[in-house]
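Below, chains carry the letters A, B, ... as their sequence lines are ordered, and counting in each starts from 1.
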Amino acid sequence: MPDVASVLAQRLQAAFDTVAPGADPVLRPSDRADFQANGALALARRLGRPPREIADAIAAAAQLDDVCERVEVSGPGFVNLVLSTPFVERSVREMAVDSRLGVERTLAPERVVVTYSHPNVAKEMHVGHLRSTVIGDALCRMLGHLGHDVVRENHIGDWGTPFGMLIEHLLDVGEEAAITKLSVGDLTGFYQAARASFDGDDEFKDRSRRRVVLLQRGDAETLRMWRVLVDHSISYFDEVYEKLGVLLTDDDIKGESFYNPMLPQVVKDLDAAGLLVEDAGALCVFPPGFTNREGGPLPLIVQKSDGGFGYAATDLACIRHRVDVVGATRMLYVVGAPQAQHLEMCFAVSRMAGWLPSGVEAVHVPFGSVLGTDHRMLRTRAGTSVKLVDLLDEAVARAAEAMAERGRDAALSSEEQRSVAHALGMGAIKYADLSTDRVRDYVFDWDRMLSFEGDTGPYLQYAHARIRSIFRRATEPAGAEPEPGGERAERGSVIVLRAPEERALGLSLIGYSAAIRAAVEELSPSKLCAYLYSLATTFTTFYERCPVLRAPDETTRLSRLALAETTALVLSEGLGLLGIEAPERM
RNA sequence: GCCCCCGUGGCCGAGUGGACUUAGGCAACGGACUUCUAAUCCGUACCACGCAGGUUCGAAUCCUGCCGGGGGCGCCA
């Protein structure tokens, strides 16, 4: 089931081809019509003809009778398109009975590795991990929905020199005490205590260094203690992920330790390829185009002068593994913007070494920082970074408070209150993060995201819950079964669009598939957010003006019920693709 | 010093070559509740595209320079 924009694009392309083969119709949504094609203007110079004349020719050539009720040339050469209401109606009906709500699977599925979240063992998760986790999760869900084969990867920091001091600290405090501390989530306390010993105690420092060597040699007892630290950290991460409601599981963990055994081969093969240069004792690759402070070549340090491997080695091993073993055709790095240069260098070196063939795409998906309302990096009053769990818990507490203020505590069971407060709190945080352009820094403002007014997660959740409540009040038993298919098939076919608000809602609904496509194409969940918000406002306008249960006649009533139901399905599925729950009531 | 990202009204923010005299939201003001959940809707008002040049029939969008903010620039990840 092709979506409306594709149908128009196709027809217009044919018309443009008659005037100038291959010319882009430049189809856009319009505020003067439903859509507009701007392509004629761009052709004016190329063809040496007045743009209006070209637009006229295109409008005349376009086969649009069955889909448009008006095709007009206006202004300097815009082609305005107003869809015919029967066509909109037909499209909504098809969508309403389609189990995928008109979203077709991709014809070119890829195996996409998405790497995101990546917390460090024995270190607290903070807001910096929030964006990566939330954005990565949404991208995985959207890509998966379009039929791509998504391989999630959580590249946790579970290896390296800090483990010497962490293990020694574990020995000092005793395993029991260490485990207790880690399982209550006081990772920061544990890490800082270890750090303090390391900085203030030379004997401890020596022990730590020896411990690193033991770890790297694979000493059994050292590895066992390392495992204790890793396992308890992971179970703590799992708690956070469960709270957040993201897809990541233990199976997705491929930490630095996983790639560690592959590092010597990375060095060997780079050397064999003649790419390795020894510089100041370190083994480096100098990809062209990168310069240091003095304007000289900038190295990617693969092996440090002390013989240890740099993180670049791990990242290179990763790329090889994903291509050779995982079979990735695409890899997405949901990693903060500051690492752009490092990743570019890794990609460049991988290409030089032939590890990243031309058919495989590696993309950095950067994002900006989370700022406090003072527009500086979000920190606690003490100046430390904010614990992610604290943030999540506060969101839930604030949501519960807001529900109580509105008297919802009386309307819902205490169990339901808890789950709804949780959904609202997470929805608020996630939507605030996802709805803004990824690469910009964004201001973390409780009052804004949890105000439950305007362009927020809770507003969308509310819009959805309100629709559901219509069905609880409707007498049809069918209304209580929101699942696609079956009886829905019959109900969808009764949709008629008469009132302008009905037509507007229908038009908005059939834009769903294009919105998802755009969001995936641009790796930009904010595109889907914007669509859902616009659908929700279009719906509420419809809802204010067009009584559903009290519709003037049975035909209208059934039609409006079907429209409402389809809207609810799009909202809950769309929010779901963003990793946001849509409660049945709130 | 070099490189990258960002700069849109009081605030947040979409738009990256087309009708833009810039969407939407928040805050403000005025209306609509014995409701299909008002966490809503309708309306009003609001001196915004950092600055200066350039390219173009047309620039918030492309180019150059500058200003402001953030980040990066060899053994941390």
Side-chain angles (χ1 to χ4, degrees), chain A residues 26 28 30-32 36 38-42 44-45 50-51 74-78 80 118 120 155 157 160-162 256 279-284 289-306 308-312 314-315 335-342 344 366 368-369 371 373 375-377 402-403 405-408 411 424 432 435-437 439-443 445 447-448 450-456 458-459 461-463 465-474 526-527 530 533-534 537 540-541 543-551 560 564 585-586:
Chain A
V26 194
R28 298 283 145 83
S30 174
D31 51 355
R32 312 212 168 179
Q36 63 185 59
N38 302 336
L41 290 153
R45 185 216 288 260
S74 93
F78 300 100
N80 289 347
H118 40 252
N120 291 308
H155 194 260
T161 46
E256 288 163 6
D279 195 280
L283 298 179
C284 311
F290 296 90
T291 53
N292 65 16
R293 252 193 203 94
E294 288 74 44
L298 185 68
L300 188 68
I301 296 176
V302 183
Q303 191 162 11
K304 300 184 284 183
S305 52
D306 68 1
F309 295 102
Y311 56 95
T314 311
D315 287 336
V335 171
Q339 290 197 54
Q341 185 178 256
H342 167 71
E344 274 168 40
S369 309
L371 307 179
T373 42
H375 285 222
R376 315 187 64 125
M377 297 282 272
M403 287 169 68
E405 270 171 32
R406 289 170 175 83
R408 303 305 297 164
L424 288 174
S435 62
T436 188
D437 181 31
V439 300
R440 288 172 63 133
D441 293 347
Y442 93 95
V443 176
D445 183 346
D447 294 332
R448 184 166 296 129
L450 273 156
S451 73
F452 301 100
E453 265 158 34
D455 191 5
T456 67
Y459 171 85
Q461 291 169 315
Y462 175 62
R466 263 175 125 191
I467 301 174
R468 284 280 170 251
S469 93
I470 298 172
F471 289 100
R472 278 192 297 276
R473 290 186 180 247
S526 69
K527 292 274 188 312
Y533 180 67
S534 148
T537 53
T540 44
T541 301
Y543 186 65
E544 297 283 333
R545 303 260 179 87
C546 301
V548 177
L549 298 178
R550 290 185 252 130
R560 288 180 179 171
R585 71 178 97 209
M586 58 188 266

Q. Looking at residues at least two apart in the chain, or sitting in another chain, which of them share a ring pair (Phe, Tyr, Trp, His ring centres under 6.0 Å) with A:His118?
A. none
(Q) Could you tell me how far B:rG10 sits from B:rA48 if I compare only their C1' atoms? Round to whole Å. (A) 11 Å
Q: Pick the C1' atom in B:rA60 and in B:rU16, then give their distance to the nearest Å.
A: 8 Å
Q. Who pairs with A:Ser526 by side-chain hydrogen bond (donor to acceptor under 3.5 Å, both in side chains), at least two apart in sequence or on another chain?
A. A:Ser524
Q: Would you mind reading off the distance between A:Asp437 atom CG and B:rA23 atom C1', rounded to a whole angstrom?
A: 15 Å
Nucleotide N/O of nucleotides 74-77 of chain B paired with protein N/O under 3.5 Å:
from   : atom 1 : to       : atom 2 : distance (Å)
B:rG74 : N1     : A:Asp279 : OD1    : 2.7
B:rG74 : N2     : A:Asp279 : OD1    : 3.0
B:rC75 : O2     : A:Ser305 : N      : 2.8
B:rC75 : N3     : A:Ser305 : OG     : 3.4
B:rC75 : N4     : A:Ala280 : O      : 2.8
B:rA77 : O3'    : A:Glu256 : OE2    : 2.3
B:rA77 : N7     : A:Tyr311 : OH     : 3.0
B:rA77 : N6     : A:Tyr311 : OH     : 2.3

Q. Does a nitrogen or oxygen in the side chain of A:Arg440 sit under 4.0 Å from OP1 or OP2 of B:rG7?
A. yes
Q | Validation row: A:Pro76, A:Leu41 side chains within 4.5 angstrom (heavy atoms) | A | yes
(Q) Once rounded to the nearest 0.5 Å, what's the spacing between atom CD of A:Gln36 and atom CZ of A:Phe78? (A) 6.0 Å
Q: Assign A:Ala411 to base, sugar-phosphate, or nothing according to its heavy-atom contacts below 4.0 angstrom with the strands shown.
A: nothing
(Q) Counting the atoms with a prime plus P, OP1 and OP2 as sugar-phosphate, which does A:Thr291 contact under 4.0 Å by heavy atoms, base, sugar-phosphate, or nothing? (A) sugar-phosphate
(Q) Output the rounded distance in Å from CD (A:Glu344) to C1' (B:rC2). (A) 15 Å
**Q.** Closest-nucleotide 5' rank along RNA chain B - winner of A:Ala340 and A:Ala42
**A.** A:Ala340
Q) How many Å lie between CZ on A:Arg28 and C1' on B:rU61, as a whole number? A) 11 Å
Q | Side-chain heavy-atom pair A:Gln341, A:Leu298 within 4.5 angstrom cut-off | A | yes
Q) How far does the C1' atom of B:rA28 sit from the matching atom of B:rC2, given to the nearest Å? A) 47 Å
Q) What pairs with A:Tyr459 under ring pair (Phe, Tyr, Trp, His ring centres under 6.0 Å), at least two apart in sequence or on another chain? A) A:Tyr533
Q: Using only side-chain N and O atoms of A:Ser526, determine if any of them is under 4.0 Å from OP1 or OP2 of B:rA14.
A: no
**Q.** B:rU21 and B:rU61, which share atom name P, separated by this distance in whole Å
**A.** 13 Å
Q: Mark up nucleotides 39-45 of chain B, 5' to 3', with B wherever a protein heavy atom is under 4.0 angstrom from a base atom, S wherever such an atom reaches only the sugar-phosphate, and - elsewhere.
A: BBSS---
Q) Taking the side chain of A:Asp455 as heavy atoms from C-beta outward, which of B:rG25, B:rC20, B:rG72 is closest to it? A) B:rG25
Q.
Stem finding on RNA chain B, please: runs of three or more consecutive Watson-Crick or G-U wobble pairs, both distances under 3.5 Å, sorted by first number.
A. B:1-7 with B:67-73, B:10-12 with B:24-26, B:28-32 with B:40-44, B:50-54 with B:62-66
Q: Hey, which sits more toward the 5' end of RNA chain B by its nearest nucleotide, A:Arg32 or A:Gly295?
A: A:Gly295
Q. Rounded to whole angstroms, how far apart are CG on A:Asp31 and C1' on B:rG18?
A. 12 Å
Q | Distance in Å, A:Arg466 CZ paired with A:Gln461 CD, rounded so as to fall on 0.5 Å steps | A | 14.5 Å
Q: Rounded off to whole Å, could you give me the CG-to-P distance for the A:Leu371 and B:rG7 pair?
A: 14 Å
**Q.** Length of the CZ-C1' vector between A:Arg448 and B:rG10, whole Å
**A.** 12 Å
Q.
Rounding to an integer number of angstrom, what distance separates B:rU56 and B:rG18 when you compare their C1' atoms?
A. 12 Å
Q | Under 3.5 Å side-chain donor-acceptor pair for A:His155 and A:Asp315 | A | no
Q: Answer yes or no: is there a side-chain heavy-atom contact under 4.5 Å between A:Ser469 and A:Arg585?
A: no
Q: Taking atom P in both B:rA27 and B:rC41, compute the distance separating them and give it to the nearest angstrom.
A: 12 Å
Q: Find out whether A:Leu549 and A:Ile470 are in side-chain contact, i.e. whether some heavy atom of one side chain is under 4.5 Å from a heavy atom of the other.
A: yes
**Q.** Distance between C1' atoms of B:rC51 and B:rC42 (Å, rounded)
**A.** 41 Å
**Q.** Spacing between A:Gln36 atom CD and B:rA23 atom C1', to the nearest angstrom
**A.** 14 Å
Q | CG-CZ distance between A:Leu424 and A:Arg408, expressed to the nearest 0.5 angstrom | A | 10.5 Å
Q: Decide yes or no, distance alone: a donor-acceptor N/O pair under 3.5 angstrom between the base of B:rA19 and the side-chain of A:Asn80.
A: yes
Q) Got a second to check how far A:Leu300's CG is from A:Tyr311's OH, nearest 0.5 Å? A) 7.5 Å
Q. Are A:Phe290 and A:Glu344 close enough that some pair of their side-chain heavy atoms sits under 4.5 Å apart?
A. yes
Q: Could you give the distance separating B:rC6 and B:rU44 at their C1' atoms, to the nearest angstrom?
A: 34 Å
